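Reminder, nothing fancy here: chain letters follow the sequence lines and each chain counts from 1. Quantities reported herein were computed from a predicted structural model and do not represent experimental measurements.
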Amino acid sequence: MYILVTGSTSGRFRVQELDSAGAATGLDRRLTTPEFLALVRERDHDVVRWVWADTARIYPVVLRGNARVARCHDLRLCHVILRNSALTGGSVLANAPASRWDAPTAAAAEPAAAGATLFEMDLGAAEYDGVGHDGAGALPDDALAEFQAQLMAIRTCSDPGRLRLLLAAESVGALIAAEMQFAGLPWRSAIHDSLLTAELGPRVAAGSRPARLEELAARIRADLGDPSVNPDSPPELLKALNRAGLGVASTRAWELEKLDHPVIEPLLRYKKLSRLLAANGWYWMESWIINDRFHPEYLPGGVVTGRWATRGGGALQLPKQIRGAVVADPGWSFVVADAAQLEPRILAALSADTAMAAAGRGTDLYAGIVASGVVETRAHAKVAMLGAMYGATSGESGRLLPRLARAYPRALALTETAARAGERGDVVSTRLGRSSPRPGSGWQDDQARASEAGATTADERRARSQARDWGRFTRNFIVQGSAAEWALCWMAEIRKGLTALSAPAEDTGAAVQGRTTRGEFEVAPHLVFFLHDEVIVHTPAALADDVARIVTEAAGAAGRLLFGDFPVDFPLTCVVVDSYADAK
DNA sequence: CCGGGAGGCGCG
DNA sequence: AAAGCGCGCCTCCCGG
């Protein structure tokens with residue numbers, strides 16, 4: 001049973017009931033926002049999947065109305081997958097000309113605009129799919145046709161089960177992303193401020209240097225014998241370093257670390273601190289922290305591999321330096337969990353390499369590789385595995401690869417096959433059927449030119465280099481993308497478990513007019529952060545152990561969803577803490 | 001004045 | 001110029 005929801009600029013929703021084949025049943029109503037919210041509460045208990053154009057646009061309306069949905073089908077996200085998947089390459093959908101469903105997603109509203117709080121902002125419910133203008137100029141209401149085309153593409157593909165799981169996972173990911181943005185990550189501005197003050201000195205006006213940075217800049221100038229050099233300017237700094245007799249080609253920290261000179265220590269500290277100030281300083285805090293919550297905008301499917309991206313606030317790059325500001329509410333705790341060596345385990349399962357899977361059973365996978373006698377140290381095991389998944393050719397990683405290939409031929413053959421496909425310009429696909437993009441026309445042109453009669457050695461070298469670049473991309477795509485699918489399934493299972501844990505707390509009505517509320521996010525355990533292979537759940541402290549069990553069991557369930565009975569473990573490091581800084 | 005590329009660094 | 005993938009976002013700097 002599907003319920004198709006389309007929106008309108010006049011705050012009315014069109015709601016059409018569809019049967020399990022996606023055909024209209026005739027139930028077709030126009031509802032106001034309160035009526036729509038009432039319908040959501042009434043019908044979400046059934047086996048209903050809500051179908052809509054864009055979760056990021058419509059679901060905040062539901063959340064602000066203190067309601068939630070269990071399942072949805074996000075037409076925009078699913079369209080992208082089905083258009084690109086090799087599994088649906090012959091479908092009508094994939095071969096139709098580009099439409100508005102192929103347009104990039106519009107930027108959402110500014111988060112911290114002019115004193116508005118997140119809960120007062122218009123998150124774009126109106127006109128989220130551009131339909132429903134009651135006058136001239138309305139765009140065609142093609143959401144139903146699009147949904148039916150998607151169902152057809154799934155039904156007629158070679159492996160519908162995998163794609164159905166992928167689309168369900170992608171869509172529930174969109175729900176979770178909206179819920180996490182809505183709930184926010186607990187963030188203590190006072191602690192953040194004192195961390196900054198301890199590192200940088202007292203806060204100063206924007207545009208001037210805090211005391212610690214000013215002192216370090218003075219030392220750098222003195223040590224370089226250059227009273228005017230600006231340490232924020234790489235070209236100036238590079239010249240000054242060279243004048244001081246330091247033969248570096250860049251000012252990167254990893255290169256400076258190799259040098260022995262008095263200026264290096266203050267310079268590296270300057271770089272570290274100026275980065276903290278620029279990326280996560282007071283200005284960042286004022287822009288992104290509202291009422292002790294960080295509300296990043298997550299973008300499910302924002303990376304071609306299926307990983308999420310974020311927009312604004314740099315939520316996926318929170319430096320370890322400031323994680324001490326992430327503190328649970330009084331009486332609450334965080335359950336912080338992180339999948340151990342996720343990508344190599346995904347590779348073992350993808351390739352059905354039982355030896356590699358066995359090396360990770362009940363233990364650190366890299367330690368297991370050492371115990372199997374493949375390499376001598378854990379560091380070697382790790383760098384060799386990363387090299388296999390990223391396509392290392394030289395250095396220590398390159399030297400260790402043959403030993404890995406001897407011990408785990410199936411796993412290494414899979415990555416090699418993916419790389420060769422990319423080098424030819426072919427498409428590769430993840431476990432559940434997300435396919436890599438084709439290389440651009442420039443790439444194709446360069447390959448073609450290199451095989452023509454008049455090709456120069458420079459043409460050939462260039463084409464070969466680009467082919468290898470693309471091969472490294474496709475090599476990594478299957479692993480990173482399949483790991484992203486595991487993570488989506490993991491989060492979906494966590495969300496399901498958390499819902500069951502707090503099921504009795506059925507709420508009764510809409511938010512009080514004019515009041516801001518986070519609804520059940522104020523009383524029940526909920527996801528507040530996700531970072532590729534890591535989640536944070538904010539929970540009443542009394543439920544933390546239950547939550548930890550749910551999170552752990554969800555990892556096993558995700559593995560079974562992707563890989564059935566294949567004997568691969570997905571162990572977690574899972575801790576209950578008050579502060580994110582204590583997680584590892 | 002603005003936009004975009006480069007350099008650089010944070011995260012997985 | 002990071003060996004080897006994927007991102008976002010800061011400042012500086014240059015060209016239009």
*asked:* Considering every strand and a 4.0 Å limit on heavy-atom distances, what is the contact class for A:A278: base, sugar-phosphate, or nothing?
replied: sugar-phosphate
- Message: What I want to check is whether the side chains of A:Y59 and A:D54 have a donor and an acceptor closer together than 3.5 Å.
- Response: no
Under 4.0 angstrom between A:T310 side-chain N/O and C:dC7 OP1 or OP2:
no
request  = Indicate whether any N or O donor in one side chain lies under 3.5 Å from an N or O acceptor in the other, for A:W288 and A:H295.
outcome  = no
So, is A:K584 near the phosphate of B:dC11, with a side-chain N or O under 4.0 Å from OP1 or OP2? no
| said: Please classify the nucleic acid contact of A:V383 as base, sugar-phosphate, or nothing, using heavy-atom distances under 4.0 Å. | reply: base
Regarding the side chain of A:T393, the nearest nucleotide among C:dA2, B:dG10, C:dA3 is C:dA3
Nearest-nucleotide check on DNA chain C, A:G395 vs A:L316; residue mapping nearer the 5' end is A:G395
Below 4.0 angstrom, N of the basic side chain to O of the carboxylate: do A:E286 and A:R203 qualify?
yes
| Under 3.5 Å, is there an N or O donor on one side and an acceptor on the other linking the side chain of A:R275 and the base of B:dC9? | yes
Original post:
Hey, does A:R323 reach any base, or is it just sugar-phosphate, or nothing, if we go heavy atoms under 4.0 Å?
Top reply: sugar-phosphate
Is the closest basic N to carboxylate O distance between A:K584 and A:E534 below 4.0 Å? yes
Whole-Å distance, A:R475 CZ to C:dA3 P, equals 15 Å
When rounded to whole Å, the CH2 to C1' distance for the pair A:W254 and B:dG7 reads 13 Å
Between CZ of A:F530 and P of B:dG12 the distance, given in whole Å, is 13 Å
Separation of C:dC9 atom C1' from A:E297 atom CD, nearest Å, is 15 Å
Between CG of A:L347 and C1' of B:dG12 the distance, given in whole Å, is 17 Å
Looking only at C:dC13, C:dG6, C:dA3, the nucleotide nearest the A:P235 side chain is C:dC13
Item to check | Inter-nucleotide P distance (C:dA2, B:dG7), Å rounded | outcome: 9 Å
Quick note, A:E236 side chain, CB onward, closest among C:dC13, C:dA3, B:dG12 is C:dC13
For A:G398, answer base if it contacts any base atom (sugar-phosphate contacts may also be present), sugar-phosphate if it contacts only those atoms, and nothing otherwise; contact means non-hydrogen atoms under 4.0 Å. nothing
Under 4.0 angstrom, heavy atoms only, what part of the nucleic acid is A:A309 near: base, sugar-phosphate, or nothing?
sugar-phosphate
So, is A:T251 near the phosphate of B:dG7, with a side-chain N or O under 4.0 Å from OP1 or OP2? no
Among C:dG6, B:dC11, C:dC12, the one nearest any side-chain atom of A:P234 is C:dC12
request  = Using the P atom as the reference point in each nucleotide, state the distance between B:dG8 and C:dA1 in Å, no decimals.
outcome  = 10 Å
What does A:A315 touch in the nucleic acid at a heavy-atom separation under 4.0 angstrom: a base, only the sugar-phosphate, or nothing? nothing
Which is true for A:L318 with a 4.0 Å heavy-atom rule: it touches a base, it touches only sugar-phosphate, or it touches nothing?
-> sugar-phosphate
When rounded to whole Å, the CE to P distance for the pair A:M285 and C:dC9 reads 19 Å
Practice item. Could you tell me whether the side chain of A:Q480 has a donor or acceptor atom within less than 3.5 Å of a complementary atom in the base of C:dG6? Key: no
Taken to the nearest whole Å, NZ/A:K272 to P/B:dC9 is 9 Å
- How would you label the contact of A:G312 with the nucleic acid (heavy atoms, under 4.0 Å): base, sugar-phosphate, or nothing? sugar-phosphate
For this session: Anything under 30° is parallel, anything over 60° is perpendicular, the rest tilted; go ahead and classify A:F563 against A:F570.
Result: parallel
- Task: Look at all strands and tell whether A:L386 reaches a base, only sugar-phosphate, or nothing, counting heavy atoms closer than 4.0 Å.
- Result: nothing
Taking 4.0 Å as the cut-off, does a side-chain nitrogen or oxygen of A:R472 come that near to OP1 or OP2 on C:dC5?
yes
Q: Identify whether any heavy atom of A:S274 sits under 4.0 Å from a base atom; if not, whether one sits that close to sugar-phosphate; answer base, sugar-phosphate or nothing.
A: nothing
Electrostatic pair A:R464-A:E423, nearest N-O below 4.0 angstrom: no
- Query: Contact class for A:R307 vs. all strands (heavy atom < 4.0 Å): base, sugar-phosphate, or nothing?
  - Reply: base
Check: Is A:E199 salt-bridged to A:R275, going by a charged N under 4.0 Å from an acidic O?
Finding: no
request  = For A:G387, answer base if it contacts any base atom (sugar-phosphate contacts may also be present), sugar-phosphate if it contacts only those atoms, and nothing otherwise; contact means non-hydrogen atoms under 4.0 Å.
outcome  = nothing
| task | Indicate whether any N or O donor in one side chain lies under 3.5 Å from an N or O acceptor in the other, for A:S482 and A:T430. | result | no
Using Watson-Crick geometry (N1-N3 plus N6-O4 or O6-N4) or G-U wobble (N1-O2, O6-N3), each under 3.5 Å, B:dG5 is paired with C:dC12
Counting just side-chain N and O atoms, does A:K271 come under 4.0 Å of either OP1 or OP2 of B:dG8?
no
Of the listed B:dC11, B:dG8, C:dG4, the closest approach to the A:Y390 side chain comes from C:dG4
